[in-house]
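Below: one structure, written as structure tokens.
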Amino acid sequence: MYINLFRSVMPMATCQNCNHKWNWRTTFKQLLTFRNVLECPHCDKQQYISAKSQKRLSIYSFAPLIIWLTLSLFDFSFPSIVVAELIFFIAAVIMMPLSYEVSSEEEPLW
């Protein structure tokens with residue numbers, strides 16, 4: 001039930017060519033390629049990560065620094081900071097595929 005509620009808030013990527021909705025596993029595999037060009041698993045057409053998604057995904061790279069600085073500011077111990085970072089990392093890996101949107105054309109970031 002929780003996953004269905006979460007999916008309604010952050011829907012999965014949908015191919016702009018054939019309207020095939022990607023599942024979490026497929027999106028995660030595409031994420032591991034570290035490429036801007038992705039292939040639709042249904043129609044094999046090239047899809048690009050949208051500019052909006054790229055900006056949204058960049059937050060994940062700054063969050064560990066913000067968490068570390070915040071916890072250090074409040075004098076948390078080093079092991080507790082490491083545990084918080086690991087928890088964030090696991091949550092980020094689970095949420096990243098849900099943050100993807102694709103488009104059929106490459107979009108400029110700015």
Closest heavy-atom pair and its distance - [X], [Y]:
X     : Y     : value
Ser58 : Ser61 : O-OG, 2.6 Å
Cys18 : His42 : SG-ND1, 3.6 Å
Pro97 : Thr27 : O-CG2, 3.5 Å
Gln47 : Cys15 : NE2-SG, 3.7 Å

Under 3.5 Å side-chain donor-acceptor pair for Ser53 and Ser50: yes
Would Tyr60 and Ser99 count as having a side-chain donor-acceptor pair, cut-off 3.5 Å? yes
Kindly work out whether a path of hydrophobic side-chain contacts (I/L/V/M/F/W/Y, heavy atoms less than 4.5 Å apart) joins [X] to [Y].
X     : Y     : answer
Ile49 : Phe28 : yes
Phe74 : Val82 : no
Leu69 : Ile67 : yes
Val93 : Leu86 : no
Ile66 : Leu71 : no

Glu105 side-chain N/O to Ser103 backbone N/O, donor-acceptor pair under 3.5 Å: no
Look only at the side chain of Thr26 and the backbone of Trp22, and say whether a donor-acceptor pair between them is shorter than 3.5 Å. no
Can you tell me how far the [atom1] atom of [X] sits from the [atom2] atom of [Y], to the nearest 0.5 Å?
X     : Y     : atom1 : atom2 : result
Leu73 : Asp75 : CG    : CG    : 8.0 Å
Ile90 : Met95 : CD1   : CE    : 14.0 Å
Gln30 : Cys40 : CD    : SG    : 9.0 Å

Quick one, Met96 with Trp24, criterion side-chain contact (heavy atoms from CB on, under 4.5 Å). Give me CA distance, side-chain angles, the key distance, then yes/no. CA-CA 9 Å; Met96 280 178 114; Trp24 185 90; over 6 Å; no
Using 4.0 Å as the upper bound for N to carboxylate O, is an ion pair formed by Arg56 and Glu101? yes
Tell me whether Lys45 at atom NZ has more than 12 heavy atoms from other residues, nucleotides or ligands lying less than 6.0 Å away. no
Partner residues of Phe89 under the ring-ring contact (aromatic ring centres under 6.0 Å, His included) criterion, sequence neighbours left out: none
If we only count heavy atoms from C-beta on, is the Glu107 to Tyr48 side-chain gap below 4.5 Å? no
Is any side-chain heavy atom of Ser72 closer than 4.5 Å to one of Ile81? yes
Linking Ile, Leu, Val, Met, Phe, Trp and Tyr by side-chain heavy atoms under 4.5 Å, what else ends up with Ile59? none
Apply side-chain contact (heavy atoms from CB on, under 4.5 Å) to residues Val102 and Leu38 and explain how you reach the verdict. CA-CA 8 Å; Val102 293; Leu38 310 172; 4.0 Å; yes
